[in-house]
Amino acid sequence: MTRERAVVPEAEFRSYYGRPVLKPPVWHEPHMPTYLYLGGMSGASSTIAVMARLTGHTRLDRTARIAAAAGASLGAALLAAELGRPERFLNMLRVFKPTSPMSVGSWILTAQSGLSAAALPGVLPGALTGVLPRALTGLLPAAGDAALLATGVTGPLTATYTAVLIADTAVPAWHEAYRELPFLFAGSAMAAAGAVAMLGTPRAQAGPARAVAGLGAATELVAGEVLERRLGFVGEPYRTGRAGRLMRAGRALTAGGGMLAVVAGRSRALTALAGVALTAGSLCTRFGILEAGRASAADPKYTVVPQRQRLDAAPTPAPDGDGPHTGHLPRAARGVSAGGGEDRPGGPARR
């Protein structure tokens, strides 16, 4: 059975009564993208600190622990500010809901903040000398090292859970990129953490930080390229408009900073330049991803056209009622947007 050829071309769907199909994300700048950067940097810094502690790189260990604690604390403060009222963040901790990325993420961030702060006395025992009894002060290094080892679990989760958080929405540019976003965020976090460790550690002892920065930059660049190529039409927001400019700037800064990081051990100026470039590149990437999501939610074609393409590619039901039918098609192919949910802040819903 063949389909009849349409006499009149199908009209291009632009909006629903002049309004977008999806509600735009309500996350704000600069709070949310900066939070994404700080959370990723904190998580990757914890991983660097664990490796430095196990391999005897004392100064690198100290720098990475401080960066991890500062990033987690500032990130939690920005998230609370984004929610409008700080107590809303505490409300997220009343229950643990494994099916909710926001609930799981709140617990991950809380654990990372507490453990990274508890790991500081392991490298800063003198800060509490005279405040605590001498017997307790002597136990601080061991307690700090134990907390640091625990961040070896929470750190990687903190660096990547935000990718799952934004991908688990109906925003086309985010939802369709669910495969690549964790790798993109992980690479960006490694580049940012390596940059901070490079800037805060003597060049002679910052070799591992430079290696992490270079590897992170390469991972971010490859993941970003794969993302845009695989998404095709839906990936247009990453290439056009303000998001496109931010993403291109992020790639240029990350590529330049990654290459400089390889040779930065020879010069203090190159180290500073590489660190600044990688930090700026990571920030541009986070701002660009947020802007691309807004653009794809505002234009209905990124929601409707892929659904129509999937519907057109689906098998035609047999005349006698046997064979494939639309009940077996994906939700998106039946005209229902994927993702979204009431416990996801900013998670767009269909109007």
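Index from 1, following the sequence. All of these numbers come straight from a predicted model, not from anything done at the bench.
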> Passes side chain to side chain contact (heavy atoms under 4.5 Å, CB included), Val304 versus Val21? Steps please.
Replying inline: CA-CA 9 Å; Val304 176; Val21 177; 4.2 Å; yes
Grab the two heavy atoms, one from [X] and one from [Y], that are nearest each other, plus how far apart they are.
{"X": "Met198", "Y": "Thr271", "value": "O-CG2, 3.7 Å"}
{"X": "Ala261", "Y": "Arg210", "value": "O-CD, 3.2 Å"}
{"X": "His57", "Y": "Gln205", "value": "CD2-O, 4.1 Å"}
{"X": "Ser116", "Y": "Ser113", "value": "OG-O, 3.2 Å"}
{"X": "Leu253", "Y": "Ala280", "value": "CD1-CB, 3.7 Å"}
{"X": "Tyr238", "Y": "Ala177", "value": "OH-CB, 4.3 Å"}

Taking the side chain from [X] and the backbone from [Y], do they hold a donor-acceptor pair closer than 3.5 Å?
{"X": "Ser42", "Y": "Ala68", "value": "yes"}
{"X": "Thr162", "Y": "Thr158", "value": "no"}
{"X": "Arg248", "Y": "Arg239", "value": "yes"}
{"X": "His175", "Y": "Ala167", "value": "yes"}
{"X": "Arg65", "Y": "Ala119", "value": "yes"}
{"X": "Ser103", "Y": "Lys97", "value": "yes"}

> How are the rings of Phe96 and Trp107 set relative to one another: parallel (under 30°), tilted (30 to 60°) or perpendicular (over 60°)?
Replying inline: perpendicular
Let me check something: do [X] and [Y] share a hydrophobic cluster, defined by ILVMFWY side-chain heavy atoms less than 4.5 Å apart, either directly or through other members?
{"X": "Leu221", "Y": "Leu283", "value": "no"}
{"X": "Met41", "Y": "Leu60", "value": "no"}
{"X": "Val164", "Y": "Val226", "value": "no"}
{"X": "Val196", "Y": "Leu273", "value": "no"}
{"X": "Leu36", "Y": "Ile108", "value": "yes"}

Kindly indicate whether the side chain of [X], heavy atoms from C-beta on, has any atom under 4.5 Å from the side chain of [Y].
{"X": "Leu74", "Y": "Tyr35", "value": "no"}
{"X": "Glu236", "Y": "Asp299", "value": "no"}
{"X": "Glu220", "Y": "Phe183", "value": "no"}

Distance from [X] atom [atom1] to [Y] atom [atom2], nearest 0.5 Å?
{"X": "Leu120", "Y": "Arg62", "atom1": "CG", "atom2": "CZ", "result": "10.0 Å"}
{"X": "Ile289", "Y": "Glu291", "atom1": "CD1", "atom2": "CD", "result": "12.0 Å"}
{"X": "Met32", "Y": "Arg286", "atom1": "CE", "atom2": "CZ", "result": "11.0 Å"}
{"X": "Leu109", "Y": "Ser73", "atom1": "CG", "atom2": "OG", "result": "9.0 Å"}
{"X": "Leu290", "Y": "His31", "atom1": "CG", "atom2": "NE2", "result": "12.5 Å"}
{"X": "Thr34", "Y": "Leu79", "atom1": "OG1", "atom2": "CG", "result": "12.5 Å"}

>> Centroid separation under 6.0 Å, is that true for the rings of Tyr161 and Phe185?
In response: no
> In a check of side-chain contact (heavy atoms from CB on, under 4.5 Å) between Met190 and each of Leu215, Leu278, Thr47, which one passes?
Replying inline: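 Exactly one pass, corresponding to Leu215.
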>> Please identify which of these residues, Leu149, Leu148, Thr151, Thr110, meets the side-chain contact (heavy atoms from CB on, under 4.5 Å) condition with Leu115.
In response: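 Considering Leu149, Leu148, Thr151, Thr110, a side-chain contact (heavy atoms from CB on, under 4.5 Å) with Leu115 is found only for Thr151.
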> Centre of Phe287's six-membered ring, under 6.0 Å away, within 45 degrees of the axis: is that where NZ or CZ of Arg242 sits?
Replying inline: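 No, Arg242 does not lie over the aromatic ring of Phe287.
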> Does the side chain to side chain contact (heavy atoms under 4.5 Å, CB included) test come out yes or no for Gln112 and Ser46, once each step is laid out?
Replying inline: CA-CA 9 Å; Gln112 172 67 9; Ser46 290; 2.8 Å; yes
> Just by distance, with hydrogens left out, do Thr201 and Thr63 show a side-chain donor and acceptor under 3.5 Å apart?
Replying inline: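 Yes, a side-chain donor-acceptor pair sits under 3.5 Å.
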> Do Ser282 and Ser188 have side-chain atoms, one donor and one acceptor, less than 3.5 Å apart?
Replying inline: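 Judged by distance alone, the side chains do pair up.
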> Using 4.0 Å as the upper bound for N to carboxylate O, is an ion pair formed by Glu225 and Arg230?
Replying inline: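 No, no charged N to carboxylate O under 4.0 Å.
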> Looking at Glu29 and Arg294, does any basic side-chain N land under 4.0 Å from a carboxylate oxygen?
Replying inline: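 A salt bridge is present here (some side-chain N lies under 4.0 Å from a carboxylate O).
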>> If you apply the rule salt bridge (Lys or Arg N to Asp or Glu O under 4.0 Å), what do you find for Glu180 with Arg229, and how did you get there?
In response: CA-CA 11 Å; Glu180 295 84 9; Arg229 287 180 178 272; over 6 Å; no
>> Does Val234 form a side chain to side chain contact (heavy atoms under 4.5 Å, CB included) with Ser296? I'd like the steps, not just the answer.
In response: CA-CA 8 Å; Val234 180; Ser296 69; 5.8 Å; no
>> Between Tyr37 and Thr279, does the side chain to side chain contact (heavy atoms under 4.5 Å, CB included) criterion hold? Intermediate values first, please.
In response: CA-CA 9 Å; Tyr37 161 79; Thr279 299; 3.4 Å; yes
